[in-house]
Amino acid sequence: MAIFALVDCNNFYVSCERVFNPALEGKPVVVLSNNDGCAVARSAEAKAIGVPMGEPAFKLRHLVERHGLIMQSSNYALYGDMSERVMSVLATFAPGAEVYSIDECFLDLDGLSVPDLTQWCQHVRATVKRWTGIPVSVGIGGTKTLAKLANRLAKKSPKANGVLDLVSHPAWVEVALKRTPVGEVWGIGRQYAGHCGVHGILSAHDLTQAEDGWIRKTMGAVGLRTVMELRGVAVHTLDTEPADKQTTCCSRSFAEAVTLYDHVHDAVLTFASRAAEKIRADGLVAGALQVFAQTDRFRRDQPQFTLNAMVRLSPATDSTPRLIAAAISGLHSAWRDGYAYKKAGVILIDLVDPANIARDLFSPPPDTGARAQALMNAVDGLNNRMGKGAVGYGLVAKGAPWQMRCGNRSPSYTSDWMDLPVAKA
DNA sequence: TCTGGGGTCCTAGGACCC
DNA sequence: TCTGGGGTCCTAGGACCC
């Protein structure tokens, strides 16, 4: 039988900020999403004063005065780098590791011969904390879904002290299922939890007792797999070699809504350029692209519109100028005057590795000619050495109304020489 | 005044074919 | 009134995740 451990960093973004700014320790802290929009990470103290996940920043302002809540802009360069450090420590402990998200990692503990799994996990926790500064929790289960569930309880229960092992203590499984609200189960979101509630299914345990036909009809094949996993049947396996991405998106909300074509044009140009860098870093080419721009969905008093255009790319390409040209032509063809646009984006789709591209007689080879390649290498190299945006396409004015807000971002302590922390005597 | 961004998988329905 | 029955492929949209 497989033994899955889920290692999850506690309040990851807040923990990253605290590593480099210990003054945040013990205080209510939230990290805001892009554009300083809403809370995406909360310290325990912030949870205690009632900050809900996803709460818009403007609704938290009163807590700043009342409880000294600290709101940090997000610093993804820092979190990405800290994530790599945590993952590389975890990889040294287990024969198999799957990086599931920026702050979570599944380990396969099957075949690991240790006398006491809980004790071993405490050792892992302590090591990660000592080497990276990040606190983690560990849940152990016979399926990934049960490991997730155990992890959640490990975080909540003070008795667990950050580790809960449902494999060495099979009798605890039923208790754990009964203590987990159905909406907290991995794979059961708001919609499905609502359907369950109507049928009197309130806990994860209730869900395991539901009838397969009803589950399949209500929550589809995915829902049924989730329930199988809750019942202890391992459906999901450890995925140590993640497949190539199928799509890559670069989109942003604007600090202010804009009505002028030129403003949206500049935003789309910037997003296409950034998306191109991403697929080149992954070694992929795009076979098509989608460009969109939309009005502010929260302004019910204003006319709503979403502009959307799909552009095929033949041959498939990773070249910035070609992707920009395609995105702009899509924007131009679908453009409508008279709307206040609040968000736009570029999605690169049909991504493939040019090495294993399947071609027929009539499709051209992917666009990876030597000259284009050399140019892109030079551009990416300059940006890596001199900082993002050192070289680019099109001149985009700084301080344009569509550019995003980030009022209180921490320095890039680990990824920019200029931001290295300084120790003062 | 102010409400994120980036992904995956599944399903239903239409187009098209024999 | 009556007007097949399958297949496949593609797309849009909905659900979920972090």
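This structure is a prediction, so every number in the text was calculated from the model and none was measured. Numbered from 1 within each chain, the chains take letters A, B, ... in sequence-line order.
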Side chain to side chain, A:C249 and A:V346, heavy atoms closer than 4.5 Å: no
In whole Å, what is the span from the CG atom of A:N35 to the P atom of B:dG6? 12 Å
Touch check for A:R312, heavy atoms < 4.0 angstrom, all strands: base, sugar-phosphate only, or nothing? sugar-phosphate
Sugar-phosphate, base or nothing in reach of A:S74, heavy atoms under 4.0 Å: nothing
On the nucleotide B:dT8, are OP1 or OP2 found under 4.0 Å from the side-chain N or O atoms that A:K245 carries? no
Expressed as a whole number of angstroms, how long is the span from A:M53:CE to B:dG4:C1'? 11 Å
Here the distance between atom P of C:dA15 and atom CD1 of A:I215, to the nearest Å, is 18 Å
Could you check whether A:K59 gets within reach of a base, just the sugar-phosphate, or nothing at all, counting any heavy atom under 4.0 Å? nothing
Give a yes/no verdict on base stacking between B:dT3 and A:F298: centres under 5.5 Å, planes within less than 30° of parallel. yes
Would you say B:dG6 has OP1 or OP2 under 4.0 Å from some side-chain N or O of A:R274? no
Kindly say if A:R225 contacts the phosphate of B:dC10, meaning a side-chain N or O under 4.0 Å from OP1 or OP2. yes
Thinking salt bridges, do A:K278 and A:D282 make one under a 4.0 Å N-O criterion? no
Heavy-atom neighbours of A:K156 NZ exceed 12 at 6.0 Å: no
Over all strands shown, is A:E55 touching base, sugar-phosphate only, or nothing at heavy-atom distances under 4.0 angstrom? nothing
Do A:L230 and A:L177 have side chains that approach each other closer than 4.5 Å (heavy atoms only, starting at C-beta)? yes
Can you tell which of B:dT3, C:dC17, B:dG5 lies closest to the side chain of A:R252? B:dG5
Which nucleotide in the list B:dT11, C:dC18, B:dG4 gets nearest to the side chain of A:A221? B:dT11
Ignoring the backbone of A:Q191, work out which of C:dT11, C:dC16, B:dG4 is nearest its side chain. C:dC16
Below 4.5 Å, heavy atoms only, C-beta onward: do A:D318 and A:L284 meet side chain to side chain? no
Would you call A:E45-A:R18 a salt bridge at under 4.0 Å N-O? yes
Compare the minimum distances between each of B:dG4, B:dC9, B:dC10 and the side chain of A:V222, then state the nucleotide with the smallest one. B:dC10
Whichever of A:C249 and A:Y76 has its nearest DNA chain B nucleotide further upstream toward 5': A:Y76
Side chain of A:K342 only, please: which of B:dT3, C:dC16, B:dC2 is the nearest? B:dT3
To the nearest angstrom, how far is A:L149 atom CG from C:dC17 atom P? 13 Å
Test the A:K144-A:F106 pair against the cation-pi criterion, namely NZ or CZ under 6.0 angstrom from the six-membered ring centroid and within 45° of the ring axis. yes
A:K278 side chain, from C-beta outward: closest of B:dT3, B:dG7, B:dG4: B:dG7
Of A:R216 and A:D296, the one whose nearest nucleotide on DNA chain B sits closer to the 5' end is A:D296
Looking at the side chain of A:T247, which of B:dC9, B:dG7, B:dG4 is the nearest nucleotide? B:dG7
With sugar-phosphate meaning primed atoms plus P, OP1 and OP2, does A:D36 contact a base, only sugar-phosphate, or nothing at under 4.0 Å between heavy atoms? nothing
Reckon A:T248 has a side-chain N or O less than 4.0 Å from the OP1 or OP2 of B:dG6? no
Where the side chain of A:W186 is concerned, which of B:dT11, B:dC2, C:dC18 is the nearest nucleotide? C:dC18
Could you state the atom-to-atom distance from CZ of A:R299 to C1' of B:dT3 in whole Å? 12 Å
Taking 4.0 angstrom as the limit, do A:K342 and A:E256 come out as a salt bridge? no
Could you tell me the separation between the CZ atom of A:R190 and the P atom of C:dC16, rounded to a whole number of Å? 9 Å
Base, sugar-phosphate alone, or nothing: which one does A:V185 contact when heavy atoms must sit under 4.0 Å apart? sugar-phosphate
Side chain of A:V40: nearest nucleotide among B:dT11, B:dG4, C:dC18? B:dG4
Remember a base hit wins even if backbone is also touched, and classify A:I188 as base, sugar-phosphate or nothing at under 4.0 Å, heavy atoms. sugar-phosphate
Please pick, from B:dC9, B:dC2, C:dC18, the nucleotide with the shortest atom-to-atom distance to any side-chain atom of A:R61. B:dC2
Rounded distance (Å) that lies between atom P of B:dC2 and atom CG of A:L63: 20 Å
B:dG6 P sits how many Å from A:K343 NZ, rounded? 8 Å
Taking atom P in both B:dT3 and C:dC17, what distance in whole Å separates the two? 25 Å
Can you tell me if A:K148 touches the phosphate of C:dC17, counting only side-chain N or O atoms and a distance under 4.0 Å to OP1 or OP2? no
Searching all strands shown, indicate the nucleotide that pairs with B:dC18 (Watson-Crick or G-U wobble; both distances under 3.5 Å). C:dG5
